[in-house]
A.B. asks: 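Dumping the structure here so I can ask a few things about it.
Just so it is clear, the values below take in all heavy atoms, side chains as well, and ignore hydrogens, waters and symmetry mates. Note that the coordinates shown come from a computational prediction; the quantities given were computed from them, not determined experimentally. A note on names: the letters A, B, ... follow the listed sequences, proteins ahead of strands, and every chain is numbered from 1.
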Protein chains: 2
Amino acid sequence: MREFMTLTKALSDPNRVRMLLALRPGELCVCQITELFGLATSTVSKHLSILNQAGLIRSRKTERWVYYRLADKPAPVAVREALDWVRKSLAKTDEAAADAKRLKRIMKMDLAEVCRRRCRC
Amino acid sequence: MREFMTLTKALSDPNRVRMLLALRPGELCVCQITELFGLATSTVSKHLSILNQAGLIRSRKTERWVYYRLADKPAPVAVREALDWVRKSLAKTDEAAADAKRLKRIMKMDLAEVCRRRCRC
DNA sequence: TTCTCATTTCGTTGTTTGGCGAAATGAGAA
DNA sequence: TTCTCATTTCGCCAAACAACGAAATGAGAA
């Protein structure tokens with residue numbers, strides 16, 4: 001029950017759900033997600049931490065960046081069902097399409113460039 | 001997206017999830033649910049209204065009482081998947097078993113009796 | 001080793017949410 | 001019709017939460 005509530009609470013914020021959808025094509029680093037949603041880095045980090053704690057995503061650190069991806073096959077059944085539910089319910093929505101479109105543009109940029117841009121001095 | 005978030009928010013409170021599980025065997029009236037969870041009537045009513053608005057449950061009024069039941073077959077796919085997810089993830093948990101046990105006892109009581117008992121004067 | 005910098009953690013603020021009791025509602029009983 | 005009473009709505013309080021900027025972290029670069 002406790003684990004299940006961690007899952008449902010993780011899914012109860014629209015920005016977190018959008019992050020799950022954005023991660024469908026493949027892993028992204030924090031600064032790319034920050035750029036995609038126009039939120040503060042600390043806010044994005046918090047959201048990712050909540051999704052991670054729920055087991056919905058996993059992280060990997062390489063060089064200077066932390067990459068997040070959707071949970072892999074060995075994830076618990078409840079987690080996989082949650083991800084399927086999100087995908088089936090929202091993959092074809094306008095919001096997901098708009099995010100995907102903007103993400104495409106961000107993916108074409110240099111990663112270091114994206115990270116530097118996040119700094120709004 | 002908006003509808004989906006209504007669903008996930010509805011599922012993000014443990015008492016609401018317990019209510020969904022309690023409704024699995026069949027419909028219950030508000031005072032039975034109130035007795036089952038030991039919450040104020042107004043609180044239970046609010047929770048049921050949120051579940052109803054999300055399409056997860058439906059209501060029916062007969063004589064003096066309002067009965068709530070899980071959403072029927074013609075419910076949207078996302079709703080049916082949500083209910084399946086809850087059932088598969090939690091039906092066999094200790095919490096669900098404990099609630100079911102207490103519910104059994106309440107079901108043996110006279111309905112009017114249960115409603116009157118709720119009044120803690 | 002020290003420096004750099006992407007990310008996380010901390011502390012604060014405004015909003016949302018769950019809980020309650022009291023008052024309002026409204027459909028059946030009388 | 002008026003009365004009864006199960007349920008809903010309202011108003012309030014305390015706890016939880018999302019968002020931000022600033023400070024801390026810690027791994028790679030120099």
A.B. asks: Out of C:dG21, C:dG18, C:dT8, which has the shortest distance to the side chain of B:I50?
C.D. replies: C:dG18

A.B. asks: Would you say D:dA18 has OP1 or OP2 under 4.0 Å from some side-chain N or O of A:R16?
C.D. replies: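 It does, given that an N or O in the side chain of A:R16 lies less than 4.0 Å from OP1 or OP2 of D:dA18.
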
A.B. asks: Measure from the side chain of B:S45, starting at C-beta and using heavy atoms only, and say which of C:dG19, C:dT7, D:dT8 lies closest.
C.D. replies: D:dT8

A.B. asks: For C:dT17, does either OP1 or OP2 sit under 4.0 Å from a side-chain N or O belonging to B:H47?
C.D. replies: no

A.B. asks: Just by modelled atom types, is the B:V30 backbone N or O under 3.5 Å from a matching donor or acceptor in the B:T34 side chain?
C.D. replies: yes

A.B. asks: List for me each residue that meets ring pair (Phe, Tyr, Trp, His ring centres under 6.0 Å) alongside A:W65, sequence neighbours excluded, and say none if there are none.
C.D. replies: none

A.B. asks: Want to settle it: does A:S42 or A:E63 sit nearer the 5' end of DNA chain D, counting the closest nucleotide to each?
C.D. replies: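 The answer here is A:S42.
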
A.B. asks: Figure out the CZ/C1' separation between A:R60 and C:dT7, and round it to whole Å.
C.D. replies: 15 Å

A.B. asks: Can you tell me how far P of C:dT16 sits from CG of A:N15, to the nearest Å?
C.D. replies: 14 Å

A.B. asks: Is there side-chain contact between B:K9 and A:D13, with at least one heavy-atom pair below 4.5 Å?
C.D. replies: no

A.B. asks: Let's test your reading of the pairing rules: Watson-Crick or G-U wobble, both distances under 3.5 Å, then write DNA chain D as a dot-bracket string with ( ), [ ], | and dots.
C.D. replies: ||||||||||||||||||||||||||||||

A.B. asks: Classify the side-chain pair A:S89/A:R87 by whether it contains a donor and acceptor separated by less than 3.5 Å.
C.D. replies: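 On atom types as modelled, these side chains do not qualify, holding no pair under 3.5 Å.
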
A.B. asks: Can you tell me if A:R58 uses its side chain to pair, donor with acceptor, with the backbone of A:D72 under 3.5 Å?
C.D. replies: no

A.B. asks: Between A:Y68 and C:dT8, is there a contact of a side-chain N or O with OP1 or OP2 at under 4.0 Å?
C.D. replies: yes

A.B. asks: Please pick, from D:dA19, C:dT7, D:dT8, the nucleotide with the shortest atom-to-atom distance to any side-chain atom of A:C115.
C.D. replies: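 Looking only at side-chain atoms, A:C115 lies closest to C:dT7.
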
A.B. asks: Give one of base, sugar-phosphate or nothing for B:K9, where a contact means two heavy atoms less than 4.0 Å apart.
C.D. replies: sugar-phosphate

A.B. asks: Could you say whether A:R64 or A:K46 is positioned toward the 5' end of DNA chain C, judged by the nucleotide with the nearest heavy atom to each?
C.D. replies: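 The answer here is A:R64.
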
A.B. asks: Under a 4.0 Å threshold between the charged nitrogen and the carboxylate oxygen, would A:E27 count as salt-bridged to A:R60?
C.D. replies: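 A salt bridge is present here (some side-chain N lies under 4.0 Å from a carboxylate O).
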
A.B. asks: Quick one: the side chain of B:T43 and the base of C:dG18, do they pair up donor-acceptor inside 3.5 Å?
C.D. replies: no

A.B. asks: Identify the two heavy atoms, one from B:V114 and one from B:C31, that lie closest to each other, and give their separation to 0.1 Å.
C.D. replies: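 In this case the closest contact between B:V114 and B:C31 is CG1-O, 3.6 Å.
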
